[in-house]
Amino acid sequence: MPELPEVETTRRGIEPHVLGRCVAGLAIRQRRLRWPIPRALDRALPGQIIRNVRRRAKYLLLDTDAGTAILHLGMSGSLRIVPSAAPAGKHDHVDIQLDSGQSLRLTDPRRFGALLWTTAPVEQHELLVDLGPEPLSDNFDGAHLFAAARNRKLAVKQFIMDSHIVVGVGNIYASEALFMAGIHPTRPAGRVSRERYEALAKAIKQVLAASIRMGGTTLRNFVGGDGRPGYFKQTLRVYDRLGEPCRQCGAPIRGKRIGQRSSFYCVNCQR
DNA sequence: ACTGGCTCCTGAGGGC
DNA sequence: TGCCCTCAGGAGCCAG
């Protein structure tokens with residue numbers, strides 16, 4: 001499942017093939033993703049030069065002079081560079097054909113992803129305008145979390161997964177970061193101290209940065225289709241380790257559904 | 001203003 | 001071997 005590190009790895013992977021290239025055409029085989037791909041994209045994108053390949057939260061942004069294409073990989077989406085003549089598989093919904101003879105191909109079996117188009121400054125797009133800070137930026141720290149958590153009663157795990165608070169903390173990394181910070185996932189967000197939010201912010205940065213560093217491995221397996229990156233197998237502390245011994249204290253890792261999401265934690269190490 | 005629940009979709013995995 | 005059922009999951013949306 002593409003979390004922020006996978007999206008960033010995808011961005012870095014496609015950038016050299018896409019940046020500065022002209023869009024020669026589009027092949028849209030399935031328009032119905034999370035939202036229908038707008039017809040405006042078909043009209044506007046061909047002929048445009050890709051000026052930037054950016055990421056905001058888990059959105060990939062392709063800037064052109066005419067507007068910006070907004071891509072989201074949902075939970076099963078992937079982007080690859082393929083020869084434009086490569087035959088399309090069942091879930092290869094979109095090819096953005098480039099003047100290099102290659103195409104940027106969007107594959108997404110579950111179709112939770114999106115491909116949108118905006119002519120306004122993309123930061124003002126309704127999907128982006130209310131997003132919280134990037135977790136790896138200096139705008140994100142413990143003070144920010146602490147301030148945002150005042151009077152909030154929901155579980156701290158759901159709190160840090162809310163993209164209005166901080167972007168890019170998906171289900172796996174939320175469990176991992178809370179373990180690293182020693183915070184129990186169901187603790188009300190407003191009942192976590194400033195000091196512990198400092199530790200949590202550091203843990204979030206640490207786990208995301210480490211994952212980006214191993215992004216190559218993650219992406220290969222991810223694209224390979226098993227959805228279980230090699231990186232995770234090596235280094236996951238609690239996620240998907242139900243009943244296995246805590247790496248810190250040996251107690252069996254517990255599992256619980258929090259806000260319709262599977263969550264994992266150690267009762268000894270997290271309070 | 002918050003919060004919890006629903007929704008989209010399909011492949012994987014379990015039970016028999 | 002194969003069929004059927006259930007479930008996961010990002011994140012917008014809506015009702016209470």
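Just so it is clear: chains get the letters A, B, ... in the order the sequence lines come, proteins before strands, and each one is counted from 1. No experiment lies behind these values; they were computed from the predicted model shown.
- Distances shown here put every side-chain N or O of A/Ser76 at or beyond 4.0 Å from the OP1 or OP2 atom of C/dG9.
- Side-chain nitrogen and oxygen atoms of A/Arg257 include none within less than 4.0 Å of the OP1 or OP2 phosphate oxygen of C/dC7.
- OP1 and OP2 of C/dG10 both lie 4.0 Å or more from every side-chain N or O belonging to A/Tyr173.
- Of all non-hydrogen atoms in A/Pro16 and A/Gly13, the two that sit nearest each other are CD-O, 3.5 Å.
- Side-chain contact of A/Tyr265 with A/Ser175: a donor-acceptor pair under 3.5 Å is absent, judged by distance alone.
- The CG-P distance, from A/Asn171 to C/dC7, rounds to 17 Å in whole Å.
- Rounded to an integer number of Å, the gap from A/Gln260 CD to C/dC13 P is 18 Å.
- Nucleic acid contact class of A/Arg32 (heavy atoms, under 4.0 Å, all strands): none.
- The environment of CZ in A/Arg32 is sparse: at most 12 heavy-atom neighbours from other residues, nucleotides or ligands sit within 6.0 Å.
- Of the N and O atoms on the side chains of A/Arg257 and A/Ser262, not one donor lies less than 3.5 Å from an acceptor on the other residue.
- Remark: ring of A/Phe112 overlaps the six-membered base ring of C/dG10 in a stacked fashion, centroids less than 5.5 Å apart, planes less than 30° apart.
- Per the geometry, CG belonging to A/Leu4 stands 15 Å off C1' belonging to C/dA11, to the nearest Å.
- At a threshold of 4.0 angstrom between heavy atoms, the contacts of A/Phe159 with the nucleic acid are absent.
- Comparing A/His91 and A/Arg34, the nucleotide of DNA chain B nearest to each residue sits closer to the 5' end for A/Arg34.
- Atom CG in A/Leu154 sits about 13 Å away from atom C1' in B/dA1, given to the nearest Å.
- Between the side chain of A/Arg152 and the base of B/dA1 there is no donor-acceptor pair of N/O atoms closer than 3.5 Å.
- Among the heavy atoms of the strands, none lies under 4.0 Å from A/Leu33.
- Taking 3.5 Å as the limit, the base of C/dG10 and the side chain of A/Arg110 contain no donor-acceptor pair of atoms between them.
- With rounding to whole Å, A/Ile160 atom CD1 is found 15 Å from C/dG10 atom C1'.
- When the nucleotides C/dG12, B/dC9, C/dG9 are ranked by their closest atom to the side chain of A/Ser163, C/dG12 comes out on top.
- For A/Lys90, counting side-chain heavy atoms from C-beta on, the closest listed nucleotide (B/dT10, B/dG11, C/dG10) is B/dG11.
- Put simply, A/Tyr239 has no side-chain N or O that comes within less than 4.0 Å of OP1 or OP2 on C/dA8.
- When all heavy atoms are compared, the tightest approach of A/Gln270 to A/Ile183 is NE2-O, 2.8 Å.
- At the phosphate of C/dA11, OP1 or OP2 sits under 4.0 Å from a side-chain N or O atom of A/His72.
- Phosphate contact (OP1/OP2 of B/dT3, side-chain N/O of A/Lys153, threshold under 4.0 Å): absent.
- One can place NE2 of A/His125 at 15 Å from P of C/dA11, the figure rounded to the nearest angstrom.
- In this structure, the CD1 atom of A/Ile258 is 14 Å from the P atom of C/dA8, given to the nearest Å.
- When only modelled atom types and interatomic distance are considered, A/Lys256 and A/Ser263 share no side-chain donor-acceptor pair under 3.5 Å.
- Residue A/Leu73 contributes atom CG, which lies 12 Å from atom P of C/dG10 at whole-angstrom precision.
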